[in-house]
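Before any comments, here is the structure.
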Amino acid sequence: MSSGSSEVSEAQGLKVVDAFDLDDELRAILKPGDMIRDGQGRRHRLPRYFYEIPSHEAALGTRLSAHFGINEFMLSDLKEAQRLQQYPRYVPCAIRILAFYLEQYRTACGASVHIAVNGGYRSPSHKLSVNATPHMWGTAADVYRIGSTILKSKEAIEKYNDIAEDVSEEVKVLPYGHATGKNADDHVHVDLGYITLIPREISEDRMEQPQESRPRFAFEDRRRKERRSAEAEPEQD
Ligand SMILES: [Zn+2]
């Protein structure tokens, strides 16, 4: 028998978790189901279902498509929440849809597509996360290199933006010059919008559970109890 770590498994082998079942700290970081505004003030609901990646070996050994491993979407810098830099780690389930589209993009480019560090999934608690971006849904990728072309020039970025847009109507790119700051204009941003995936492992009757009435964090639970006891006292008088 071969050892598990040397095998390349598919995403189907990953455990799906409902982020509402995770511990308080992870829920506070991942903010499942929270509404968050984009740069135009439109509100979007953050994803709730994640793949749980148990170890570095699993990250390296799990393919989402023929040429994309899940680890490529999880490379994070130190601005990511510290807890999300430790295993087990969590990536929204829609990541596999992104990988599917990137695979089409790779074919259209006729060359390998390389995702930047922090260019895949970024949590809503990442220090650079201000407004909603599809990166928080696992449905965006920042590509810094295609084949041997480093994407730094206006010409290269516009060329590969055009190819991305031709892949499908779902694919959106950002124009050259969209980025501000020191990392400006060094990547092609490809996104599919705010897709949340409900994995088939999930039973949708759980969706009916009103999250608003469910204490989401221990401190909220405590406050509820305090309120209840405060309300109960006058009745005893
Ligand atoms: Zn981006």
Side-chain angles (χ1 to χ4, degrees), residues 30-31 36-47 50 64-65 67-81 84-85 89-106 108-109 111-147 149-197:
L30 297 172
K31 306 183 194 296
I36 178 168
R37 283 180 199 279
D38 65 19
Q40 284 74 43
R42 296 171 297 215
R43 290 168 14 116
H44 305 281
R45 197 178 288 282
L46 283 165
F50 290 77
L64 294 172
S65 67
H67 298 95
F68 292 92
I70 199 163
N71 62 305
E72 295 171 71
F73 299 92
M74 296 168 51
L75 297 171
S76 63
D77 62 16
L78 297 174
K79 297 187 191 77
E80 186 55 273
L84 293 189
Q85 299 177 42
R89 290 180 56 185
Y90 300 89
V91 178
C93 293
I95 199 84
R96 66 195 310 169
I97 301 175
L98 176 64
F100 174 84
Y101 279 91
L102 286 177
E103 196 67 37
Q104 319 303 309
Y105 185 41
R106 185 184 191 278
C109 292
S112 54
V113 166
H114 302 267
I115 302 167
V117 170
N118 255 325
Y121 175 56
R122 285 202 292 266
S123 86
S125 299
H126 187 280
K127 286 202 177 82
L128 292 181
S129 294
V130 183
N131 296 319
T133 152
H135 285 286
M136 299 176 194
W137 276 251
T139 51
D142 294 337
V143 175
Y144 79 97
R145 178 159 74 88
I146 293 177
T149 306
I150 306 280
L151 301 171
K152 280 194 293 202
S153 70
K154 188 170 191 282
E155 292 68 30
I157 289 173
E158 287 182 348
K159 172 186 169 186
Y160 286 107
N161 270 353
D162 287 349
I163 295 174
E165 284 186 313
D166 285 345
V167 166
S168 166
E169 288 287 313
E170 282 82 41
V171 176
K172 184 177 177 276
V173 297
L174 291 175
Y176 175 81
H178 77 272
T180 51
K182 65 184 167 81
N183 294 322
D185 308 329
D186 60 357
H187 63 271
V188 163
H189 165 104
V190 177
D191 83 61
L192 305 172
Y194 301 94
I195 298 175
T196 51
L197 188 124

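Any value given below was found using the heavy atoms of this structure, including those in side chains, with hydrogens, waters and symmetry copies removed. Indexing begins at 1, ligand by ligand and atom by atom, following the structure's order. Residue numbers start at 1 and run along the sequence shown.
The distance from the CZ atom of R122 to the NE2 atom of H135 is 4.0 Å, given to the nearest 0.5 Å.
Screening D185, D186, N161, V143 for a side-chain contact (heavy atoms from CB on, under 4.5 Å) involving L151 leaves a single residue, V143.
Shown are the protein N/O/S atoms under 2.8 Å from the Zn ion (ligand 1), given by residue and atom: H135 NE2, D142 OD1, H189 ND1.
For D166, there are no side-chain contact (heavy atoms from CB on, under 4.5 Å) partners at least two apart in sequence or on another chain. Residues passing the salt bridge (Lys or Arg N to Asp or Glu O under 4.0 Å) test with R89: none are found, sequence neighbours excluded. For E72, the side-chain contact (heavy atoms from CB on, under 4.5 Å) test picks out F68, I115, with sequence neighbours left out.
Panel note: side chain T139, backbone G193; a donor-acceptor pair is recorded below 3.5 Å.
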